[in-house]
Amino acid sequence: MAAQVEQMKPLPDLDDPVSAPFWREAAQGRLSFQRCSVCGYLRWPAASLCPECWSPRAEWAPVSHDGEVWSFGVYERAFSAAFESDVPYVVALVQLDAGPRLIGKIVDVVPADVTVGMRVTAAFESFADDAALVNFRGLRSD
Amino acid sequence: MRLDGSVAIVAVGVTEQGKLPGRDGDDLAIEALGYALEEAQIGKEQIDGLLTCKAAGTDAGIDTAVGRKAGMNPAFSATLDYGTCNFTLHLAAMAIATGMATTVACLYGTNQKTGRKFAFTAAAGDDGSPGAPYGFLHVSGPAALAFQRHQALYGTTEEQLGHIAVASRQWAKMNPQAIFRQDFTLEDYLASPYLVRPLRRPDVTMISDGGVALIVTSAERAADYPKHAVFLLSGAQQTGLRLYQNDDQLMRPWIAKVAERVYADAGLTQSDIDLLYIQDPTSVWILQMLEWYGFCGMGEAGSFLETGAIAPGGTLPVNTNGGQLSEAYMWGWLHIVEAVRQLRGECGERQVADPKVALYCSTKGFEKAAATVLANEVP
């Protein structure tokens, strides 16, 4: 079951028709991006035009949940009161096997165990009835 | 942009730096212009170009508002909404080269310390990338990721990075204008708390109030000014506007293109640079740009810093004002002021012996980079 995000945190705008499907898909346990209907490019962040061919047409396409940690940092200080109870927390830039690079927390881990190059998979964290954030947790090799 | 010394900085003006409660950002910019005009011994009516720079997180720095407040009707004016002065300086040079203006005032002023809360606490990368819900806040976030990546690829240590904050302070201690001048050693650095591990508080810029102004004109006109002119040999830029779509976006490999152009257009190489200025919202920017501008090999910045190269007495004086880590946070503008003062030989105790050429490198987040080569003689 997905954890519940506290309401005071800055949350994605679910009224934005361009990006909202990303968070709605995540609530269904899917990591999906807009795949350009013309050239196939995966858009991230979500956008109303393909940055490659400028076509507005796209379908939300589920991709692999896996990737690797490009790099990470451990927040020892909260820059917003909303994150005070989370400190220390790990934020990583994850290079997805599917192509896009996502920022997310690395959850269910001791910060000292996170490494650059570590294999991770998406871990969904709901913040509304039908919307979730995309965090990551380590992929076990055993 | 090849300039061959055809454009020059003929005057600089700087207000008090620090906490200036009750002061307005535009008032501070105009006060700084007053000092620059005094140094140039001209009146405001001789300024026919006005370039202002928006101050992040505040309303200050709009040309139309500044012109009204300062009582100026220049022929040409514009606002840039990113700082570091390099972008403004290049626009000033283009305006002079094309005849849009002859005498350009470049202004920056902010009360972001005591006025409105500055946006560094906002999401890292104000670019539509949804980092904020994950707590990816403040510039030390992406900088920590960039440094952690550098460590993983090249074995760079926190102690090596610490040499940047320590050297900045050693320079600042000789700069009466600097806000942080107390002793600060590598041991102090290593004992400082982390903000976003592996970055510590001393790796990140202070926030302060103040104003800065420059007066830029053609080399021909520069001869009529009382102070020794500082000439622009070249300027170059490159963007990485695709940001999160770019490979290695936090490492910014496209900065190397700026280096290639700025040296080629100046007709010189790294070895000709006597003074290096790098705009430093965090120490990591200095680490990266030492490599991209070729002062050491890729991945070798850590061992280069360990030699004490950038500190007083070292082989490559960097940020001789103390930079944003120790002098003040004027979004890079004081780096240009320091380059001008060093090239004029006005820096007293911290004066570098007989410098001829300075390079100033800056970036706007992970989206734009620029550099300028300045010299005290036309080649």
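For the numbers below, each heavy atom of this structure counts, side chains included, while hydrogens, waters and symmetry mates do not. Please read all numbers here as calculations on a predicted model, not as lab measurements. Below, chains carry the letters A, B, ... as their sequence lines are ordered, and counting in each starts from 1.
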At their closest point, which heavy atom of [X] faces which heavy atom of [Y], and how far apart are they?
| X | Y | result |
| --- | --- | --- |
| B:Gly135 | A:Tyr89 | O-OH, 2.7 Å |
| B:Ala132 | A:Pro10 | O-CG, 3.5 Å |
| B:Tyr134 | A:Lys105 | O-CE, 3.4 Å |

> With distance as the sole test, does A:Tyr75 use its side chain to make a donor-acceptor pair with the main-chain N or O of B:Leu137 at under 3.5 Å?
Replying inline: yes
> If you draw a 6.0 Å radius around NZ in B:Lys368, do more than 12 non-hydrogen atoms from other residues or ligands fall strictly inside?
Replying inline: yes
>> Using a 4.5 Å heavy-atom cutoff, which residues in residues 46-67 of chain A come close to chain B?
In response: A:Pro51, A:Glu52
>> So if I take each residue of residues 96-103 of chain A and look for any heavy atom under 4.5 Å from a heavy atom in chain B, which residues do I end up with?
In response: A:Arg101, A:Ile103
> Once you round to the nearest 0.5 Å, how far does NE2 of B:His138 lie from CZ of A:Arg77?
Replying inline: 6.5 Å
>> Between B:Gln249 and A:Trp70, is the side-chain contact (heavy atoms from CB on, under 4.5 Å) condition met? List the steps.
In response: CA-CA 11 Å; B:Gln249 45 135 344; A:Trp70 183 88; over 6 Å; no
> Do B:Tyr244 and A:Pro45 come within less than 4.5 Å of each other through their side chains, counting heavy atoms only?
Replying inline: yes
>> What I'd like to find out is whether the side chain of B:Arg197 reaches to under 4.5 Å of the side chain of A:Phe72, using heavy atoms alone.
In response: no
>> Shorter than 4.5 Å, heavy atoms on both sides: which option in B:Asp248, B:Leu250, B:Leu195 has the most such pairs with chain A?
In response: B:Leu195
> Could you name the residues of residues 147-159 of chain B that have a heavy atom within less than 4.5 Å of a heavy atom in chain A?
Replying inline: B:Gln148, B:Arg149, B:Ala152
>> What residues of residues 287-302 of chain B make heavy-atom contacts with chain A at a cutoff under 4.5 angstrom?
In response: none
Given that the side chain runs from C-beta out, which part of [X] has a heavy atom under 4.5 Å from chain B: side chain, backbone, both or neither?
| X | result |
| --- | --- |
| A:Val87 | neither |
| A:Phe83 | side chain |
| A:Val116 | side chain |

